[in-house]
Amino acid sequence: MPLDHYIINDLTPFDLNTPIKELQEAFNQLTYSHIPIQKDGVFVGCLSETDVYCFEPNQNVEDVMYAIERFYVQQSAIWLDVLDTFAQNDSNIMPVLDEHNKYLGYYQLIDVISLFRNTPFFSEAGGIIVIEKAYNDYSFSEVCQIVESNNVKVLGVFVSRIKNDMAQITIKIENSGLSAIFETFRRYGYAIISGHEDDSFLKTLKDRSAYLDRYLNL
């Protein structure tokens, strides 16, 4: 299903002349971290639940314009970019604008996470390898070439950690013997952090994802 099919439009942005008391009451009924704000029908940003409860109920939104957080995604954004924007803004709701910057609705974090969980990285059986190399020395093309040179298909790869100029890369591959792949990675200067021929590592990721779903639904 295309990402924009997950847009929800049941929450109209609040206007600048709205009393803070109304936002506080709305947060009492919602599980969202933020509420969208508009000026003359044009989206201007979001106010967080944390900030709203710090304001005086008789103030208006326009009195606290300085607290508005201006984050959103375009309707054309891919789900990885949307997930990244969620993470950068510590939000569980993401306003969506069209190509003319008109407010269309919002995404929920739990829906975008579910798209990640349904990718082959999670859904297909396979092994997990975690490797490490200096940040300036690794490349995805080299990583994939090393795996495929051993006649094994890559199901997913991403940078899972960067620390002290070292990058850890997590790779999901088809189920296959890992010894030959480990040997090839070492020849290219990669350190093997871990390798799992079964799906125990993947099961842990799924369990954590399920726990996050339950937490977001509280």
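All of these numbers come straight from a predicted model, not from anything done at the bench.
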key: N/O donor-acceptor pair under 3.5 Å between Glu22 side chain and Pro19 backbone   = no

query = Per the side chain to side chain contact (heavy atoms under 4.5 Å, CB included) rule, which among Val152, Thr184, Leu155 passes with Val147?
reply = Val152

message = Please find the pair of heavy atoms, one from Asn92 and one from Phe86, that lie closest to each other, and give the distance.
response = C-CE2, 3.5 Å

request  = Quick one: pull up CD in Glu183 and CD1 in Ile146 and give me the separation to the nearest 0.5 Å.
outcome  = 12.0 Å

ask   = Side chains of Ile113 and Ile110: does their closest heavy-atom pair fall under 4.5 Å?
value = no

query = Do Thr50 and Ser48 have side-chain N/O donor and acceptor atoms under 3.5 Å apart?
reply = no

task = For the residue pair Phe27 and Tyr53, categorise the inter-ring angle as parallel (less than 30°), tilted (30 to 60°) or perpendicular (more than 60°).
result = tilted

query = How about Asn28 and Gln24: does a side-chain donor come under 3.5 Å of a side-chain acceptor?
reply = no

ask   = When rounded to the nearest 0.5 angstrom, what distance separates CG in Asn60 from CD1 in Ile20?
value = 7.5 Å

ask   = Are Tyr138 and Ile171 connected in the hydrophobic side-chain network, where two residues link if heavy atoms are under 4.5 Å apart?
value = yes

ask   = Leu11 and Pro36: which non-hydrogen atoms are nearest, and at how many Å?
value = CD2-CD, 3.7 Å

message = Please determine whether the number of non-hydrogen atoms from other residues, nucleotides or ligands lying under 6.0 Å from atom CZ of Phe140 exceeds 12.
response = yes

message = Please report the interatomic distance CD1(Ile78) to CG(Leu83), rounded to the nearest 0.5 Å.
response = 10.5 Å

ask   = Has the side chain of Lys133 got a donor or acceptor atom that lies under 3.5 Å from a matching backbone atom of Tyr188?
value = yes

Side-chain H-bond candidate by donor/acceptor type, Asp4 with Tyr107, under 3.5 Å = no

inquiry  = Looking at Asp81, I want to see if its CG is surrounded by more than 12 non-hydrogen atoms of other residues, nucleotides or ligands under 6.0 Å.
reply    = yes

